[in-house]
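In this text, all values refer to a predicted model and were calculated from it rather than measured experimentally.
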Amino acid sequence: MPRMVLLAAAGAGACGGGCQPIPGSDPRGSAAVNGERPLALQSEVPAPQTRQISIDNFTFSPAQLTVPAGSTVVWVNHDDVPHTVVSNAKAFASKALDTDDKFVHVFTAAGTYPYFCSVHPHMTGQIIVK
Amino acid sequence: MDQKNNETGGDGVDRRKFLKCMAWVGTGMVWTMRGGVLSSRVFGADAAGAAEPGDFTFVQISDSHIGFAKEPNKDVTGTLKLAIDRINALNSRPDLLIHTGDLTHLSKAAEFDTVDQVLKGAKVGERFYVPGEHDVFADDARAYVERYGKGTKGLGWHSYTHRGVHFVGLVNVANLKPGGLGTLGAEQLDWLKKDLEGLGNSTPLVVYAHVPLWTIYPKWGWGTEDSAAALELMKRFAAVTVLNGHIHQVMQKTEGNVTFHTGRSTAFPQPEPGKAESPGPIKNVAANKLRGMLGLSEVKYAQTQHTLAVVDATLE
């Protein structure tokens, strides 16, 4: 079960500086003891990620990005011209992003999220959340 | 002015060479289409022959991008002021000043304030505006509409007749569709149809909007997807002049009764279509070359001929 090993390692890392685990709240403990969590832990749901999309030369790069649910996507505008990041279905919308401005959105629900720059509509991209 | 006079200027100077020279020193020129012959003369000069009582001029400025402060122009307010100086130095006071959008860079209140402050200094009759995409970034274009929307429809489209010429200002930077170009939309097209209905075919039309109403380069979004529907409504008119901005360079073409013209920016030049990775400011411009790439346009209306002549000038 490599997944459990990973989580255990992450848990140990988070607490590695010598913090005191609160009895009953340690995820490793509860997973091991009450026998309810291992199912979730064993499933192949990948951990949420933080991924970056860069805007260069009027292009979203990568134009298509697939992430696990709960992931954070950060758009950074590297152009000298302001852009926006707006979901076609209005699920999210940034303000004007000037040079080096960022827009952050957390994708909680699975689905396909096409988006575009509302002022340069030929600029399009897509986030796929699994 | 016939073609012969036009070529030699009546002074033995080869007009083409002269204009080439004048263009180099930054003086603009006028292009007039008469009888299928493209003629030209120097910016700011009086029209051939004495001006008739019904004649008038107006000016177009565009893409001032107040708030932009990067290469190649860290003083866009300064270059806008230069454009206004050029207007104020014209022989005859323009009746109208038309700004074809991207007044600001980020639709900020302070940027609009600066635009208003500078344009206040223009010695012109009336001022008219259409928004560029940079003017409608925030709050569903409220900042723009609050300032310039009085007496207009939608996000600022409008029309008026001035000394027999019918002017129409269109908005093609709002409610854009993913993957698309500039858009006028059904509501505006419907309004345009009604607006033009009562006009005779001989009424000269001047139509202005930010994004070109002809397809220049779709890959960069330089076109308006439903412009054909608008142009269809103008087909019956003898003379239509279409003025646009957005692409920060002069381009002109004539198609039947319609002359399309895009004006320079007062802020920064953009590459020719397809000559760079993307649109956007040309950064590597030598300081002494920048003004030659910025400019404004003067349009002269000669009532007797029903002709409109567009004069492009740089800020050099």
Side-chain angles (χ1 to χ4, degrees), chain A residues 52-67 73-105 107 109 111-129, chain B residues 63 65 67-74 101-102 104-108 111 131-141 143 172-183 210-211 215 217-225 246 248 265 267-268 270-271 276-284:
Chain A
Q52 186 166 305
I53 293 176
S54 119
I55 304 173
D56 286 291
N57 291 322
F58 287 64
T59 306
F60 296 110
S61 182
Q64 186 168 314
L65 178 67
T66 303
V67 292
V73 178
V74 182
W75 284 263
V76 187
N77 179 20
H78 294 131
D79 273 349
D80 283 343
V81 171
H83 296 293
T84 66
V85 175
V86 176
S87 140
N88 294 10
K90 310 282 180 232
F92 51 88
S94 78
K95 295 185 167 160
L97 306 177
D98 203 357
T99 308
D100 297 331
D101 280 355
K102 289 181 177 141
F103 173 63
V104 179
H105 186 75
F107 289 86
T112 300
Y113 298 86
Y115 66 90
F116 70 121
C117 168
S118 62
V119 291
H120 307 109
H122 62 287
M123 295 170 60
T124 58
Q126 186 166 282
I127 308 291
I128 297 163
V129 181
Chain B
D63 297 271
H65 287 265
F68 178 86
K70 298 186 179 78
E71 291 298 339
N73 187 359
K74 292 181 176 163
D102 283 355
T104 70
H105 197 56
L106 286 161
S107 311
K108 290 182 179 164
E111 296 171 351
E133 74 277 10
H134 287 257
D135 302 317
V136 296
F137 265 126
D139 302 324
D140 295 326
N172 56 1
V173 295
N175 303 315
L176 305 182
K177 312 275 179 307
L181 303 171
T183 304
H210 178 66
V211 177
T215 305
Y217 199 59
K219 205 179 157 193
W220 286 3
W222 290 3
T224 302
E225 55 190 37
H246 189 58
H248 298 212
S265 161
F268 56 84
Q270 291 204 87
E277 193 93 359
S278 72
I282 299 177
K283 290 180 216 172
N284 55 341

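One finds the CZ atom of B:F68 at 12.0 Å from the CD atom of B:E111 (value rounded to the nearest 0.5 Å). With rounding to the nearest 0.5 Å, the separation of CG in B:N172 from OG1 in B:T224 is 4.0 Å.
Ring-plane geometry between B:H105 and B:F268 is classed as perpendicular, the angle between the planes exceeding 60 degrees on a 0 to 90 degree scale with a lower cut at 30. A perpendicular orientation is assigned to the rings of B:H134 and B:F137, their planes being inclined by more than 60° (bins at 30° and 60°).
Using a 4.5 Å cut-off between heavy atoms, A:T124 contacts chain B through its side chain alone, with no backbone atom that close. With a 4.5 Å cut-off on non-hydrogen atoms, B:K177 touches chain A through its backbone but not through its side chain. At a 4.5 Å heavy-atom cutoff, the contact between A:D80 and chain B is made by backbone and side-chain atoms alike. At a 4.5 Å heavy-atom cutoff, the contact between B:K219 and chain A is made by backbone atoms alone. For chain A, the nearby parts of B:L176 are the backbone and the side chain; heavy atoms of each come within less than 4.5 Å.
With chain A as partner, the option from B:P279, B:G182, B:G132 having the largest number of non-hydrogen pairs under 4.5 angstrom is B:P279. Chain A forms the most heavy-atom pairs under 4.5 Å with one residue out of B:G180, B:G67, B:S107, and that residue is B:G180.
Under the 4.0 Å criterion applied to side-chain N and carboxylate O atoms, A:D98 and B:K70 are assigned as salt-bridge partners.
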- Does the side chain to side chain contact (heavy atoms under 4.5 Å, CB included) test come out yes or no for A:V119 and B:V173, once each step is laid out? CA-CA 7 Å; A:V119 291; B:V173 295; over 6 Å; no
